[in-house]
**Student:** 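Quick one: structure below, then a few questions.
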4 protein chains.
Amino acid sequence: MNTEHLGSRFQLDLSKPLYEQILYQIRHAVSRKEIALGEKIPSIREMAQQLKVNPNTVMRAYQELERDGLTETRRGQGTFITTSPEKINQVRKILAEDAIRGFIASMKDLGMDQASAKKMLEEVDWS
Amino acid sequence: MNTEHLGSRFQLDLSKPLYEQILYQIRHAVSRKEIALGEKIPSIREMAQQLKVNPNTVMRAYQELERDGLTETRRGQGTFITTSPEKINQVRKILAEDAIRGFIASMKDLGMDQASAKKMLEEVDWS
Amino acid sequence: MNTEHLGSRFQLDLSKPLYEQILYQIRHAVSRKEIALGEKIPSIREMAQQLKVNPNTVMRAYQELERDGLTETRRGQGTFITTSPEKINQVRKILAEDAIRGFIASMKDLGMDQASAKKMLEEVDWS
Amino acid sequence: MNTEHLGSRFQLDLSKPLYEQILYQIRHAVSRKEIALGEKIPSIREMAQQLKVNPNTVMRAYQELERDGLTETRRGQGTFITTSPEKINQVRKILAEDAIRGFIASMKDLGMDQASAKKMLEEVDWS
DNA sequence: GTGGTCTAGACCACA
DNA sequence: GTGGTCTAGACCACT
């Protein structure tokens, strides 16, 4: 996939931290396999320009990606998605489990059981 | 139910906004019908004391509850849960829909479809 | 221990990233048990003033401490050392293992065996 | 030893400065006597090709080797390891002392004494 | 050109 | 008062 204008497809709002949103978008784009393994993502400066955001804000997101092992930075060359498919699956799994755990906690806090939650979920149109 | 020591049953996490947590706990306790319609909840000062929290923090939560119509303040008597069952159901419905909408969005962002999400959800033990 | 002037005891040089040095000093002060469990450490602004460094630089160090689980931040109150002794031991263990692994790798890269390394180490005065 | 494909035996990590790694590898290969006195090492271009690295990066490493007196450049012939065994020993000694000093400092910063460090070191398998 | 560190200073949310 | 986010812009190391 062409990642050159990756940032131009992101939608940012101002109610949540910008760097978290950038992080989220990239993590999920990789999970959805919209970005291939080993692929280069836009440089900090490019991304900052596309998102109309300060480079430091992008850097913060990129550094967290690297801490998670989802990217590797090569000095003087740029930032690249990891080439390890296990790492991607691990991240994807963690994100999915987080979503599920949060959902279950919320529903239980509302006094719903598994059957009711399942029923409500099935009534919703996903498209 | 005896709401006198309501606050003593809440568990607060100091890394998240306290007033949001108080709000969450009360909203969900009402949704779960652990607090009856028209019941009195502890005063701001009592609650603050029980939670070992600044009264301002409790006030902020109580104000939002009142804005939502979930509580009513009767001068000189204290704060009471609304007597309107429709209001409770409405709040409960909104909270459930929020949780569902959030969950679906997260799973879609991970590239999962309804069937996969359903399957993952069924594999988890709710107890 | 009085942590009020904690920062005034740190020595920083400019050849390594400042935030890493702050991180290092605090991590090791905790490992050495010079700071007690649950103790408050100076606020970002205080520490910045003591070290004559920008608050953002201190914050970066503090955030990494929290990610490691060595500290907890309480909103509006400050930053506190974790109350979990296991966490401290875990950090201490990791730091010691890192040092040992690095030392062994260096000595092996120089063609030294365990006996020679041990001998050289014993000849040095630690005081 | 055949140094013609010296570089092909190096493993480089793109997250650390490449020239430092090249420097490290050569210094330690000489210390380990894997490269004999007076032996020729690959030209900058050859080395760069083998490591798939920019020639400037290799040059920087070679310059530092020469500044340390570990190599000599003979115009039109290439770069050669020094013929002085004292020089090699001196370098080896400096590197070993650096490693030891660093290790001791780290352990002391963790509040460990000589006895504990020795014990931990003996528990590790060097093979 | 790339990423990384640091500063100065604004503004916000929370207690 | 506390921590957290963001900006603008400088300077550095590396390729």
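Labels below follow one simple rule: chain letters A, B, ... track the order of the sequence lines, proteins then strands, and each chain is numbered from 1. On a predicted model such as this, the values are computed, not experimentally measured, just so you know.
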**Student:** Got a sec? Which of residues 18-26 of chain A come in under 4.0 Å of DNA chain F, heavy atoms?
**Tutor:**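 Residues of residues 18-26 of chain A under 4.0 Å from DNA chain F: A/L18, A/Y19.
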
**Student:** Using a 3.5 Å cut-off on both pairing distances, which stems of three or more Watson-Crick or G-U pairs include DNA chain E?
**Tutor:**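 Correct response: E:1-14 with F:1-14.
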
**Student:** Is a side-chain donor or acceptor of A/Q77 paired with a backbone partner of A/R74 at a separation under 3.5 angstrom?
**Tutor:**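 Flag not set: sc A/Q77 to bb A/R74 has no pair under 3.5 Å.
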
**Student:** Hey, which of these two, C/R75 or D/K16, hits DNA chain F nearer its 5' end, going by closest nucleotide?
**Tutor:**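 Its nearest nucleotide lies further toward 5', so the answer is C/R75.
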
**Student:** Do A/E34 and A/R9 meet the salt-bridge criterion of a basic N to acidic O distance under 4.0 Å?
**Tutor:**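 A/E34 and A/R9: salt-bridged.
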
**Student:** Rounding to a whole Å, what distance do you find between D/N54:CG and F/dT15:P?
**Tutor:**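 Atom CG in D/N54 sits about 8 Å away from atom P in F/dT15.
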
**Student:** What side chain to side chain donor-acceptor pair (under 3.5 Å) pairs are there with at least one residue in residues 17-31 of chain C, not counting sequence neighbours?
**Tutor:**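 Residue pairs with at least one partner in residues 17-31 of chain C: C/Y19-C/R60, C/Y24-D/D109, C/R27-C/D68.
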
**Student:** Could you work out, with side chain to side chain donor-acceptor pair (under 3.5 Å) as the rule, every residue matching C/E86, not counting sequence neighbours?
**Tutor:**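 Side chain to side chain donor-acceptor pair (under 3.5 Å) list for C/E86, sorted by chain: C/S84.
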
**Student:** State which residues pass side-chain contact (heavy atoms from CB on, under 4.5 Å) with A/Q11; sequence neighbours excluded, sorted by chain then number.
**Tutor:**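 side-chain contact (heavy atoms from CB on, under 4.5 Å) list for A/Q11, sorted by chain: empty.
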
**Student:** Within residues 44-53 of chain A, which residues have any heavy atom lying less than 4.0 Å from an atom of DNA chain E?
**Tutor:**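 Correct list: A/I44, A/R45.
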
**Student:** Residues in salt bridge (charged side-chain N to carboxylate O under 4.0 Å, His left out) with B/R101, at least two apart?
**Tutor:**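 For B/R101, the residues satisfying salt bridge (charged side-chain N to carboxylate O under 4.0 Å, His left out) (neighbours in sequence not counted) are B/D98.
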
**Student:** Counting only heavy atoms not in C/Q50, do more than 12 fall under 6.0 Å of its CD?
**Tutor:**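 It does: C/Q50 CD has more than 12 such atoms within range.
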
**Student:** Under 3.5 Å, is there a donor-acceptor pair between the side chain of B/S106 and the main chain of B/G102?
**Tutor:**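 Pair found, side chain donor or acceptor close to backbone of B/G102.
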
**Student:** Run the side chain to side chain donor-acceptor pair (under 3.5 Å) test against A/N89 and tell me which residues pass, sequence neighbours left out.
**Tutor:**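 Partners of A/N89 under the side chain to side chain donor-acceptor pair (under 3.5 Å) test: none.
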
**Student:** The criterion is salt bridge (charged side-chain N to carboxylate O under 4.0 Å, His left out); which residues satisfy it with C/R67, sequence neighbours excluded?
**Tutor:**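 Counting only residues at least two positions away or on another chain, C/R67 forms a salt bridge (charged side-chain N to carboxylate O under 4.0 Å, His left out) with C/E64.
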
**Student:** Closer than 3.5 angstrom, by distance alone: can the side chain of B/R92 be matched with the main-chain N or O of A/L110 as a donor-acceptor pair?
**Tutor:**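 Yes; at least one donor-acceptor contact below 3.5 Å.
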
**Student:** In chain order, what residues pass the salt bridge (charged side-chain N to carboxylate O under 4.0 Å, His left out) check against D/R45, with sequence neighbours excluded?
**Tutor:**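 Checked D/R45 against salt bridge (charged side-chain N to carboxylate O under 4.0 Å, His left out); zero matches.
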
**Student:** Contact boundaries of DNA chain E with chain A (under 4.0 Å, heavy atoms), 5' to 3'?
**Tutor:**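 Span of nucleotides near chain A: E/dG1 to E/dC6.
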
**Student:** Might you confirm whether atom CD of C/Q63 has over 12 heavy atoms from other residues, nucleotides or ligands at distances under 6.0 Å?
**Tutor:**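 Buried by this count: over 12 neighbours within 6.0 Å.
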
**Student:** Which residues, if any, of residues 55-67 of chain D bring a heavy atom under 4.0 Å of DNA chain E?
**Tutor:**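 Those residues whose heavy atoms fall under 4.0 Å from DNA chain E, taken from residues 55-67 of chain D, amount to none.
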
**Student:** Verify, without hydrogens or angle tests, whether D/E97 (side chain) and D/I94 (backbone) share a donor-acceptor contact under 3.5 angstrom.
**Tutor:**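 No; judged by distance alone, with no hydrogens or angles, the pair does not exist.
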
**Student:** Pick the closest DNA chain F nucleotide for C/R74 and for A/P17 by heavy atoms, then say which residue is nearer the 5' end.
**Tutor:**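 Nearest-nucleotide comparison on DNA chain F picks C/R74.
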
**Student:** Test your reading of the model: is there a side-chain donor-acceptor pair from C/E72 to the backbone of C/E66, 3.5 Å cut-off?
**Tutor:**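 No: the side chain of C/E72 does not pair with the backbone of C/E66.
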
**Student:** Does C/G76 or A/P42 map to a spot on DNA chain E nearer the 5' end, using the closest nucleotide for each?
**Tutor:**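 In this pair, the answer is A/P42.
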
